[in-house]
Amino acid sequence: MDFELNQDQRAYQQAARTFAAHEMHVQAAQWDAQAIFPRELIAHAGQLGFCGLYIAQEQGGMGLSRLDAAIILEELARACPSTTAYISIHNMASAMIAASATPMLQADWLPALASGKKLASYCLTEAGAGSDAAALCTSASRTSDGEHYMINGSKAFISGAGATDVLVVMARTGAAGADGISAFAIAADTPGISFGRKEEKMGWNSQPTRSIHFDHVRIHRSQLLGREGQGFQLAMRGLDGGRINIATCSIGAAQSAFNSAQKYMRERRQFGQQLAAFQGLQFKLADMQTELVAARQMVRLAATKLDHQAENASVYCAMAKRLATDTGFKVCDEALQIHGGYGYIREYPLERYLRDLRVHQILEGTNEIMRVIVARHLLKHAVSEEFL
C-alpha cells in the first residue's frame with residue numbers, strides 16, 4: 001500500500017495548483033461578491049483538461065481515474081471551492097453522457113463538454129424529492145409514434161441552470177420507485193424548457209442555482225441514457241463520484257484556511273507574544289491538521305475503491321463524504337476563530353470558505369443520509385473485517 005502520489009499525479013497536482021493560484025485566487029472574491037459565473041475561466045480550465053476529467057482521450061478528455069481527478073479538484077478548491085464544485089458537477093454530468101449515451105449523442109456533446117466550450121447540469125432534485133430522490137415526479141412519456149418522449153415537470157436547486165448547455169435529466173418513465181426512472185441528455189434551449197429566478201444563496205455565489213421547468217418538452221428517444229428504468233442507477237453511480245468530488249473540494253478549501261491560520265499565528269501578537277506561543281492554539285492547530293490528513297486519506301481511499309469497482313465502494317464514498325465535509329467545515333470555522341475579527345471580514349477569504357463549504361454537508365446526499373447508507377450496510381451484513 002503506497003500513500004505517495006506517483007509522477008503523473010504530482011504533475012496533475014502542480015498544474016492545478018498553478019492554475020488555481022494564477023487564474024482563480026485573484027478573482028474568487030469578486031466572483032463571490034458580484035455573483036459572477038466565470039465561464040471564460042471555466043473554458044480556460046477546459047483547455048487544461050479539467051472539464052473532461054473522466055471523458056476518454058479519444059473523445060477529447062483526459063480519461064483520468066477518480067483518484068487523479070480528486071487530486072486536481074482539491075487544488076482548484078484551495079482558491080475557489082464554489083467554482084470548483086461547479087466544475088466537478090459538470091464533470092459528473094459529462095461522465096454520464098460519456099458512459100451511457102448513444103455514439104451519435106456522444107459525438108454531438110463530448111468534445112465541446114471536454115473543452116469547456118459547452119457546460120452541463122445534473123438535474124435530479126425536485127421540490128418534493130430531495131433526500132428521497134426516488135420519489136421524483138418529472139415524467140417522460142412515450143409519444144404515439146414511439147420515437148419521442150414528452151417531458152413534463154420541474155427540477156429544483158440545479159447548479160448552473162440557465163447558464164449551461166446540456167441538462168442530464170432524471171425523469172419517470174415507469175411505475176413509482178427507483179426502477180421507474182430513466183435518464184436523458186437534453187439541450188438546454190429545447191422548446192418548452194424555462195428557468196426560475198436565480199436563487200440568492202449563503203455561498204456558492206460564483207455559480208447560478210435555479211429551478212428548471214419542462215412543459216411538454218419533446219425529445220427524441222436517442223437522447224435516452226442507457227436503458228429505460230436504468231436512470232436512478234446511473235444517477236446514483238454519478239453521485240458516488242460526486243460525493244468524492246464534493247468531499248475533496250471541502251478538503252482543498254479547508255487546507256487553504258488552515259494554511260492561512262498557521263501563517264497568522266506566526267504574525268499576530270497579543271499579550272506581548274506571538275499567537276503561536278499559546279499552547280491552546282498549538283493544540284488546535286495540531287488537531288486541525290491531523291483531522292484534515294485523515295479526511296484526505298479517507299477520500300482518496302474511497303476514490304480508489306470506486307476506481308477498482310469494489311462492492312463496498314458506495315459505502316466508502318458515503319463515509320468519505322460525511323467525514324470530509326464535516327471536517328472541512330470545522331477546520332474553516334476554527335481557522336476563522338483563530339483570525340478573530342479579521343476572519344469575519346471579507347478582506348480575508350475565511351468567511352467565504354465557511355459559507356461555500358456549509359452546503360457541502362447538504363448536497364450530493366445530506367450527511368444524515370450518508371450515515372443511513374453506512375448504517376444500513378453495516379446492519380445488513382454479518383460482523384466482518386471488511387473495513388480493516
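Keep in mind it's a predicted model, so treat the numbers as computed, not measured.
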Enquirer: Just by modelled atom types, is the Leu225 backbone N or O under 3.5 Å from a matching donor or acceptor in the Ser100 side chain?
Expert: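 No; judged by distance alone, with no hydrogens or angles, the pair does not exist.
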
Enquirer: For the atom pair CD1 (Ile71) and CD1 (Ile251), what is the distance rounded to the nearest 0.5 Å?
Expert: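 With rounding to 0.5 Å, CD1 (Ile71) is 13.5 Å from CD1 (Ile251).
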
Enquirer: Donor-acceptor check, side chain of Gln106 to backbone of Ala101, threshold 3.5 angstrom: yes or no?
Expert: yes

Enquirer: Mind checking the CG-CG spacing from Asp326 to Asn367? Nearest 0.5 Å is all I need.
Expert: 4.5 Å

Enquirer: Taking the ring centre of each residue, are His360 and Phe329 less than 6.0 Å apart?
Expert: no

Enquirer: Using atom types as modelled and distance alone, determine if a side-chain donor or acceptor of Arg172 lies under 3.5 Å from a backbone N or O of Ala175.
Expert: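 Side chain of Arg172 to backbone of Ala175, a donor-acceptor pair under 3.5 Å: yes, one is there.
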
Enquirer: Shortest non-hydrogen contact from Ala140 to Tyr149?
Expert: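 Smallest heavy-atom distance, with atoms named: O-CD2, 3.9 Å.
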
Enquirer: Can you name the nearest heavy-atom pair linking Thr325 to Ala247, along with the distance?
Expert: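 That would be CG2-CA, 4.2 Å.
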
Enquirer: So that I can tick it off, tell me whether Arg10 and Glu4 are bridged by a salt bridge, with the cut-off set at under 4.0 angstrom between side-chain N and carboxylate O.
Expert: yes

Enquirer: If only side-chain N and O atoms count, and only distance matters, is there a donor-acceptor pair under 3.5 Å linking Gln47 with Ser115?
Expert: no

Enquirer: Which heavy atom in Gly365 sits nearest to a heavy atom in Arg243, and how many Å separate them?
Expert: CA-NH2, 4.1 Å

Enquirer: Quick one: do Phe195 and His213 satisfy ring pair (Phe, Tyr, Trp, His ring centres under 6.0 Å)? Show the steps, please.
Expert: CA-CA 6 Å; Phe195 300 92; His213 308 290; 8.6 Å; no

Enquirer: Considering only NZ, NE, NH1 and NH2 on the basic side and carboxylate oxygens on the acidic side, decide whether Glu267 and Lys263 come within less than 4.0 Å.
Expert: yes

Enquirer: Measuring from Arg322:CZ to Met298:CE, what's the distance to the nearest 0.5 Å?
Expert: 9.5 Å

Enquirer: Do Lys330 and Glu334 sit within salt-bridge range, that is, some charged N less than 4.0 Å from a carboxylate O?
Expert: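 Judged by the 4.0 Å cut-off on N to carboxylate O distance, Lys330 and Glu334 do not form a salt bridge.
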
Enquirer: What I want to check is whether the side chains of Tyr54 and Ser94 have a donor and an acceptor closer together than 3.5 Å.
Expert: no

Enquirer: Where is the tightest heavy-atom contact between Ser206 and Pro38, given as atom of each residue plus distance?
Expert: O-CD, 3.3 Å

Enquirer: Indicate yes or no: does Asp165 engage Lys117 in a salt bridge with an N to O separation below 4.0 Å.
Expert: no

Enquirer: Check the pair Ser154 / Ser211 against side-chain hydrogen bond (donor to acceptor under 3.5 Å, both in side chains), numbers first and verdict last.
Expert: CA-CA 7 Å; Ser154 296; Ser211 58; over 6 Å; no

Enquirer: Check the side chains of Asp356 and Ser82 for a donor-acceptor pair under 3.5 angstrom, ignoring hydrogens and angles.
Expert: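 No.
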
Enquirer: With a 4.5 Å heavy-atom cut-off, do His148 and Arg221 have their side chains touching?
Expert: no

Enquirer: What pair of heavy atoms forms the shortest contact from Arg352 to Ala29, and how long is it?
Expert: NE-CA, 4.0 Å

Enquirer: With distance as the sole criterion, is a donor-acceptor pair present between the side chains of Thr209 and Lys201 under 3.5 Å?
Expert: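 On atom types as modelled, these side chains qualify, holding a pair under 3.5 Å.
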
Enquirer: Would Gln14 and Thr18 count as a side-chain hydrogen bond (donor to acceptor under 3.5 Å, both in side chains) here? Give the steps.
Expert: CA-CA 6 Å; Gln14 188 56 53; Thr18 300; 3.1 Å; yes

Enquirer: Between His44 and Phe19, how do the two ring planes meet: parallel, tilted or perpendicular, split at 30° and 60°?
Expert: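 Perpendicular.
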
Enquirer: Begin with the C-alpha distance, continue with both residues' side-chain angles, and end with the deciding distance and a verdict on side chain to side chain contact (heavy atoms under 4.5 Å, CB included) for Leu350 and Ser260.
Expert: CA-CA 8 Å; Leu350 282 305; Ser260 181; 3.8 Å; yes

Enquirer: Considering non-hydrogen atoms only, spot the tightest contact between Gln223 and Ile219 and give its length.
Expert: OE1-CB, 3.3 Å

Enquirer: Regarding Tyr344 and Gln337, is there a side-chain donor-to-acceptor distance under 3.5 Å anywhere?
Expert: no

